[in-house]
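One structure is given below, encoded as structure tokens.
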Amino acid sequence: MSQNPPTLTVRVLTVNTHKGFNALNRRFILHELREAVRHVSADVVFLQEVLGTHEVHSAKVQNWPEAPHYEFLADEMWSDFAYGRNAVYPEGHHGNAVLSKFPILRHENCDVSVEGPEKRGLLHCVLDAPAVGQELHVVCVHLGLREAHRREQLRLLCQRIDRFVPPEAPLVIAGDFNDWRLQAHAQLHGCAGLREVFVEAQGQAARTFPARWPLLRLDRIYVRNAKLARPIPLPPHPWRHLSDHAPLAAEIMV
């Protein structure tokens with residue numbers, strides 16, 4: 001008598017933290033953001049534009065945490081976290097981060113900056129998912145503002161998947177794609193068989209930017225080898241006040 005293969009439901013959240021400030025950079029909202037992130041109860045959180053250090057802000061801003069922002073957001077709820085430093089400047093640095101309730105077995109930050117001052121990266125983490133008998137691969141993405149740069153960065157992402165992600169392994173890719181022309185869907189499906197959760201469920205990607213009146217579909221959650229993936233609706237409040245991007249969440253069965 002055959003048995004059904006084991007399954008695991010993973011709740012994911014992706015949010016551009018805007019370096020801990022609200023959309024107009026007038027108010028430091030990292031403490032409020034932490035509460036909102038905790039309220040979603042995600043197993044894996046994908047963060048973009050998260051600060052590692054900033055000497056000027058840390059000296060001037062009230063309630064600035066002593067820990068790096070990704071560690072402050074992880075708090076006691078996510079036992080494991082990884083950070084990929086992308087942009088470095090005299091005051092400090094920021095990049096992508098992954099917070100995980102599953103053990104992070106290994107991680108690597110891949111520099112996909114193309115040219116000019118824009119620094120971009122892909123943070124690839126491999127998570128221990130013993131419930132399904134194999135590793136879970138996740139990639140936190142923040143792509144460039146120019147279409148030619150994004151096209152090259154997506155090519156590098158596909159190359160990485162081909163080299164380092166086994167064809168049968170569950171894979172989740174989430175973050176800020178800056179893909180307002182909606183070119184990533186075809187490229188990622190063609191090269192790696194990825195499908196976007198909101199497109200599959202609702203026929204189109206979610207509007208996420210600007211957070212107060214979302215018009216552009218910039219943020220995404222792509223999956224491969226998922227038995228089921230469904231969006232989780234998030235209320236406008238308090239998210240519209242916590243970043244320039246609205247967050248996305250989904251439940252993924254692998």
Side-chain angles (χ1 to χ4, degrees), residues 11-42 44-54 56-58 61-65 67-75 77-78 81 83-87 89 91-99 118-123 138-145 150 173-180 197-198 205-221 231-250:
R11 177 175 284 219
V12 303
L13 171 71
T14 179
V15 59
N16 184 316
T17 72
H18 203 238
K19 305 182 185 73
F21 291 85
N22 68 350
L24 298 177
N25 291 316
R26 293 175 178 172
R27 192 163 62 89
F28 182 60
I29 46 77
L30 191 68
H31 294 260
E32 298 168 59
L33 180 64
R34 180 171 69 172
E35 292 308 308
V37 169
R38 288 171 64 92
H39 187 72
V40 178
S41 297
V44 183
V45 181
F46 299 74
L47 304 173
Q48 306 88 51
E49 283 193 35
V50 61
L51 274 174
T53 62
H54 198 291
V56 175
H57 290 334
S58 61
V61 175
Q62 189 176 7
N63 295 325
W64 192 269
H69 285 191
Y70 56 89
E71 188 173 343
F72 175 80
L73 290 169
D75 196 26
M77 194 163 181
W78 292 273
F81 48 81
Y83 171 65
R85 183 173 62 181
N86 295 334
Y89 29 85
E91 301 84 5
H93 51 82
H94 71 264
N96 298 332
V98 169
L99 316 180
E118 266 194 352
K119 303 301 179 184
R120 304 295 183 179
L122 312 171
L123 178 60
V138 302
V139 184
C140 185
V141 170
H142 192 188
L143 301 187
L145 297 175
R150 292 194 299 273
I173 300 176
D176 177 0
F177 283 75
N178 276 316
D179 177 34
W180 61 276
V197 172
F198 287 78
R207 298 181 189 269
T208 59
F209 184 88
R212 283 181 176 268
W213 300 281
L215 296 173
L216 301 180
R217 310 174 193 275
L218 302 188
D219 301 83
R220 313 281 171 74
I221 301 174
I232 299 174
L234 298 175
H237 180 80
W239 292 105
R240 65 176 55 169
H241 304 292
L242 298 181
S243 176
D244 54 345
H245 287 249
L248 296 179

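Positions are given from 1 along the sequence. The structure displayed is predicted, hence computed values, not measured ones.
- Here the side chain of E118 pairs a donor or acceptor atom with the backbone of L145 at under 3.5 angstrom.
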Please test I221 against T14 for side-chain contact (heavy atoms from CB on, under 4.5 Å), starting from the C-alpha separation and ending with a verdict. CA-CA 8 Å; I221 301 174; T14 179; 4.0 Å; yes

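- Between N96 atom CG and L122 atom CG the span is 8.0 Å, to the nearest 0.5 Å.
- More than 12 heavy atoms of other residues, nucleotides or ligands shown are found within 6.0 angstrom of NE2 on H31.
- In this structure, CZ in R212 is found 11.5 Å from OG in S243, a value given to the nearest 0.5 Å.
- Centroid-to-centroid, the aromatic rings of H94 and Y89 come within less than 6.0 Å.
- In this structure, F21 and D244 have side chains that are not in contact, with every pair of non-hydrogen atoms separated by 4.5 Å or more.
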With ring pair (Phe, Tyr, Trp, His ring centres under 6.0 Å) as the test, would you mind laying out the steps for W239 and H39 before giving the verdict? CA-CA 11 Å; W239 292 105; H39 187 72; 9.2 Å; no

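- Between V45 and V37 there is a side-chain heavy-atom pair separated by less than 4.5 Å.
- Side chains of L218 and D176 form a contact here, defined as non-hydrogen atoms less than 4.5 Å apart.
- Considering only heavy atoms from C-beta on, P68 stays 4.5 Å or farther from T53 through its side chain.
- Listed for the R240 side chain is no donor-acceptor partner under 3.5 Å among the backbone atoms of P210.
- Residues F28 and H57 form no side-chain contact, since every pair of their non-hydrogen atoms from C-beta on lies 4.5 Å or further apart.
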Show the numbers, then the answer: is there a side-chain contact (heavy atoms from CB on, under 4.5 Å) between L99 and V44? CA-CA 6 Å; L99 316 180; V44 183; over 6 Å; no

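- Across all non-hydrogen atoms, the minimal contact from R220 to A205 is NE-CB, 3.8 Å.
- Using a cut-off of 4.0 Å between Lys/Arg side-chain N and Asp/Glu carboxylate O, E32 and R34 are scored as not salt-bridged.
- Atom CG of residue L33 and atom CG of residue L242 lie 5.5 Å apart, to the nearest 0.5 angstrom.
- Taking the side chain as every heavy atom from C-beta outward, H69 and T17 never approach each other to under 4.5 Å.
- Taking all atoms of both residues into account, the shortest heavy-atom contact from F72 to P65 is CD1-CB, 3.6 Å.
- For Y83 and H93, the distance between ring centers is under 6.0 angstrom.
- Distance check, rounded to the nearest 0.5 Å: NE2 of H142 to NZ of K119 gives 14.5 Å.
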Step-by-step side-chain contact (heavy atoms from CB on, under 4.5 Å) determination, R207 to L216: CA-CA 5 Å; R207 298 181 189 269; L216 301 180; over 6 Å; no

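- Nearest heavy-atom pair across L13 and P247 is CD1-CB, 3.9 Å.
- Annotation: side chain of V197 is in contact with side chain of P231 (closest heavy-atom distance under 4.5 Å).
- For the residue pair F198 and A249, the shortest heavy atom distance occurs at CZ-O, 3.7 Å.
- The CG atom of L234 sits 7.5 Å away from the CG atom of L248 when rounded to the nearest 0.5 Å.
- Taking CE of M77 as the start and CZ of R38 as the end, the distance is 6.0 Å to the nearest 0.5 Å.
- Judged purely by atom type and a 3.5 angstrom limit, R150 uses its side chain to pair as donor or acceptor with the backbone of N178.
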Evaluate side-chain contact (heavy atoms from CB on, under 4.5 Å) for L47 paired with L73, printing each intermediate quantity in order. CA-CA 10 Å; L47 304 173; L73 290 169; 3.7 Å; yes

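- Contact detail for A97 and C140: the closest heavy-atom pair is O-SG, 3.8 Å.
- The only member of F209, F46, F177 that meets ring-ring contact (aromatic ring centres under 6.0 Å, His included) when paired with H245 is F209.
- V50 places none of its side-chain heavy atoms less than 4.5 Å from the side chain of K19.
- For N22 and H241, the side-chain atoms include no donor-acceptor pair closer than 3.5 Å.
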